[in-house]
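Only one structure is covered here, and it is reproduced in the block below.
When reading the values below, keep in mind they use all heavy atoms of this one structure, side chains included, and skip hydrogens, waters and symmetry mates. On a predicted model such as this, the values are computed, not experimentally measured, just so you know.
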There are 2 protein chains.
Amino acid sequence: MDPACAMAKGEMVRKPATLKDVAALANVSRATAARALNSYGYVGNETAQKVQAAAEKLGYRGNRLAQALRSGQLPIVGCILGDIQNPFFARIAHDIEVLARECGHNLVIGSSEEELGQEISLLASLQSLSIRGFIVAPTSADNNAHLKGLIAENVPLVLIDRVAEGIDCDSVVVDNEGGARKAVEYLIGMGHRRIGLLQDDMRIFTSRERMSGYRAALAAGGIAPDDRMVSVSQSTVEHAVDATIRLFSQKSPPTALFTVDSLMTQGALLAFRSMGISIPHDVSLIGFDDFNLATFTDPQITVVSQPVAEIGRAAARLLFDRLSGKCGKPQKLRFETKMIVRGSVSRRRDA
Amino acid sequence: MDPACAMAKGEMVRKPATLKDVAALANVSRATAARALNSYGYVGNETAQKVQAAAEKLGYRGNRLAQALRSGQLPIVGCILGDIQNPFFARIAHDIEVLARECGHNLVIGSSEEELGQEISLLASLQSLSIRGFIVAPTSADNNAHLKGLIAENVPLVLIDRVAEGIDCDSVVVDNEGGARKAVEYLIGMGHRRIGLLQDDMRIFTSRERMSGYRAALAAGGIAPDDRMVSVSQSTVEHAVDATIRLFSQKSPPTALFTVDSLMTQGALLAFRSMGISIPHDVSLIGFDDFNLATFTDPQITVVSQPVAEIGRAAARLLFDRLSGKCGKPQKLRFETKMIVRGSVSRRRDA
DNA sequence: AGACTGTGTGAGATCGATCTCACACATATT
DNA sequence: AATATGTGTGAGATCGATCTCACACAGTCT
């Protein structure tokens with residue numbers, strides 16, 4: 001087919017020049033050409049220049065595939081995140097890409113869409129590319145044989161946003177439990193006792209930790225946990241809308257809501273509007289993860305913010321440290337969160 | 001270094017099994033093993049099973065690098081966009097990734113950050129990986145020797161969101177000029193005559209087209225273009241804030257503003273708030289490209305929406321059609337835009 | 001019996017870059 | 001003069017998978 005195409009158009013498919021071509025043009029052997037271009041070993045001055053000129057003329061760029069086959073590694077790092085459409089991950093992906101480029105690497109991005117199966121197959125597919133290392137936000141906190149396999153083969157791995165049980169490697173996370181606890185304690189301090197939680201799938205590490213912060217704060221406040229106050233949803237605006245509506249259609253709905261990520265916070269906002277629930281008058285709202293939108297609404301949304309700008313860079317730096325041969329114990333970074341009080345929480349008197 | 005690490009920990013670095021290993025375990029030659037695993041040519045029944053078993057046992061996964069070196073192509077497609085953090089591109093990247101995966105390919109993402117130099121070096125670096133094809137949103141409408149080079153080497157290329165002069169290849173864009181014209185005509189119809197334009201760098205194709213739609217509408221409305229009504233900014237929220245402030249700090253500022261993308265629209269919103277300008281009372285606003293936020297504000301923002309969900313998929317489909325050998329003239333898809341009237345534009349009486 | 005066809009297998013070349021080794025020639029050292 | 005050292009170069013092996021070719025043996029046909 002393809003050749004047929006080319007023939008039909010009468011086109012010459014110009015193949016990229018190889019080292020052999022360069023060597024031939026410069027009248028030297030491949031070995032000498034390689035020496036001249038990579039400047040190692042002994043090469044005569046004139047010879048080197050001849051080779052350079054020939055390479056220039058042919059527009060020679062080394063075939064990284066062939067280089068990689070010998071060296072065993074492609075200058076690519078892989079990155080598997082939950083969903084690039086989540087601004088949190090988009091930011092991280094962007095930062096990783098920038099740092100990778102600085103280190104002369106390209107970035108392959110895969111989206112697990114929070115499906116373990118997808119994460120596994122993506123990883124396998126990238127591994128067969130002899131990719132040098134990975135940054136992964138694992139879908140599941142405990143189902144992680146595939147990650148263990150990576151470690152066993154000594155492939156550098158950095159976990160990001162989430163860690164996985166029994167996986168001993170570099171990681172970058174935030175203090176999810178502490179952040180969630182601060183948020184819920186704040187709500188309790190404002191007089192709320194029926195505090196809703198809009199959370200993600202419990203397989204996900206952050207979801208677990210944030211849930212446990214929520215529970216801890218309730219316990220500290222002397223409030224009994226109540227399953228009717230908890231709604232689970234996938235992390236998309238649409239699903240969060242539904243989950244919020246379910247939560248607030250009960251006979252005695254929460255007076256405050258804590259949402260575990262920014263897409264859910266947005267979903268809750270939309271749901272509240274469609275239900276005619278006003279913030280902070282009828283319901284108080286506080287979300288984990290800050291987002292652009294948070295300051296556009298009226299009132300602005302109070303959030304627990306994460307140092308997004310640092311997470312991706314930190315993970316990338318850890319990865320490239322390993323790639324450049326750094327040994328030593330896995331580093332486990334944990335960033336602090338910060339509560340940003342805006343206007344979406346009000347004091348409750350009647351409770 | 002690396003071996004030192006391994007030795008220090010006393011670890012065996014288990015190398016992935018090769019075909020040779022499999023062949024040895026199965027007591028056959030590499031050729032036979034290859035035949036058994038890829039099912040071509042003649043292979044005896046027992047032999048095939050022996051090989052399968054051996055492969056299974058060793059956890060053999062072919063080295064795609066080696067395969068690619070022979071075949072000349074890696075099952076990877078590249079994608080160079082302006083900025084993954086722009087939700088428009090994030091959505092596109094996501095859709096391309098999904099389709100690529102369906103087609104058994106991985107996706108390398110690069111961000112040009114709207115720098116021509118970065119686009120060029122990224123492309124070169126990906127090309128040396130023998131990547132099979134590219135989807136690019138070119139930074140510049142006319143500076144495109146690097147894209148010509150791609151075409152000359154017969155590397156499949158699909159332009160997305162933007163086309164480039166003199167580049168004859170598949171492309172997917174929207175009707176920027178028409179969309180912009182509709183928006184501005186709508187403003188004119190609502191009685192506005194001092195209509196501001198907050199636009200991106202003129203190197204960028206969409207910026208040119210939207211600008212020309214803006215001009216066309218003004219002309220049709222009998223309004224003389226006025227440079228003081230136009231402000232240029234990079235496509236980030238922060239830059240757009242500044243540009244908006246400049247535009248509206250004049251003695252006789254616009255009564256309406258048309259912004260050429262969603263990040264700029266958000267920037268304008270922030271700027272208006274900080275300046276105490278109320279929408280739509282003081283100023284009317286209409287933006288190109290819909291965004292989540294648009295329905296969260298009060299009033300909601302009127303926009304010209306693009307069929308984002310289709311653009312990425314369409315581009316990916318074009319690319320994979322080419323990769324599977326489809327010949328024929330380049331297809332140039334152009335999607336229609338749709339104006340979504342919400343509440344950010346008001347009728348102006350005193351004009 | 002001799003010439004075929006069909007089936008199954010292995011040896012070796014290939015893709016492109018790199019690296020080890022051997023060799024050649026110069027100059028310097030004893 | 002004989003040996004060492006330094007400089008420059010090419011032949012060939014290597015990475016791993018694939019593919020062409022040659023060969024071997026079965027069975028079939030004249």
Give every pair of a protein N or O atom and an N or O atom of nucleotides 13-19 of chain D that lie under 3.5 Å apart, one pair per line with the distance.
unit_1, atom_1, unit_2, atom_2, d
dA13(D), N6, Arg30(A), NH2, 2.9
dT14(D), O2, Arg70(A), NE, 2.8
dT14(D), O2, Arg70(A), NH2, 3.2
dG16(D), N2, Ala66(B), O, 3.4
dA17(D), OP1, Tyr60(B), OH, 2.9
dA17(D), OP1, Asn63(B), N, 3.3
dA17(D), OP2, Leu19(B), N, 2.3
dA17(D), O3', Gln67(B), NE2, 3.4
dT18(D), OP1, Gln67(B), NE2, 3.1
dT18(D), OP2, Asn38(B), ND2, 2.9
dT18(D), O2, Arg70(B), NE, 3.3
dT18(D), O2, Arg70(B), NH1, 3.2
dT18(D), O2, Arg70(B), NH2, 3.4
dT18(D), O4, Arg30(B), NH2, 2.7
dC19(D), O4', Arg70(B), NH1, 3.4

Problem - Lys/Arg N to Asp/Glu carboxylate O, Glu153(B) vs Arg61(A), below 4.0 Å - result: yes
Completion exercise
Of all heavy-atom pairs linking Asp21(B) and Thr18(B), the shortest is OD2-N, 2.8 Å
Write out a two-atom table: protein N or O, nucleotide N or O from nucleotides 4-6 of chain C, distance below 3.5 Å.
none

Handout entry: Side-chain donor/acceptor of Asn38(A) to backbone N/O of Tyr40(A), under 3.5 Å
Key = no
Practice task
For atom NZ of Lys20(B), decide whether the heavy atoms of other residues, nucleotides or ligands shown that lie under 6.0 angstrom number more than 12.
Solution key: no
Protein-nucleic acid N or O pairs under 3.5 Å, nucleotides 26-28 of chain C:
none

Handout entry: Neighbour count >12 (heavy atoms, 6.0 Å) for atom CD, Glu102(B)
Key = yes
Practice task
Answer yes or no: does atom NZ of Lys57(A) have more than 12 heavy-atom neighbours from other residues, nucleotides or ligands under 6.0 Å?
Solution key: no
Fill in the blank from the handout: Taken to the nearest whole Å, CG/Asn27(B) to P/dG8(C) is 19 Å
Practice task
Mark yes or no for whether Ser128(B), through its side chain, and Asn63(A), through its backbone, hold a donor-acceptor pair below 3.5 Å.
Solution key: no
Practice task
Evaluate whether atom NZ of Lys148(B) has more than 12 neighbouring non-hydrogen atoms of other residues, nucleotides or ligands under 6.0 angstrom away.
Solution key: yes
Problem - Sub-4.5 Å side-chain heavy-atom contact between Val173(B) and Phe205(B) - result: yes
Exercise for the section: Assess the side chains of Arg64(A) and Ser125(B): does a donor N or O sit below 3.5 Å from an acceptor N or O? Expected result: yes
Handout entry: Under 4.0 angstrom between Thr32(A) side-chain N/O and dG10(D) OP1 or OP2
Key = yes
Practice task
Please work out if Ser71(A) contacts a base, only the sugar-phosphate, or nothing of the nucleic acid, heavy-atom cut-off 4.0 Å.
Solution key: nothing
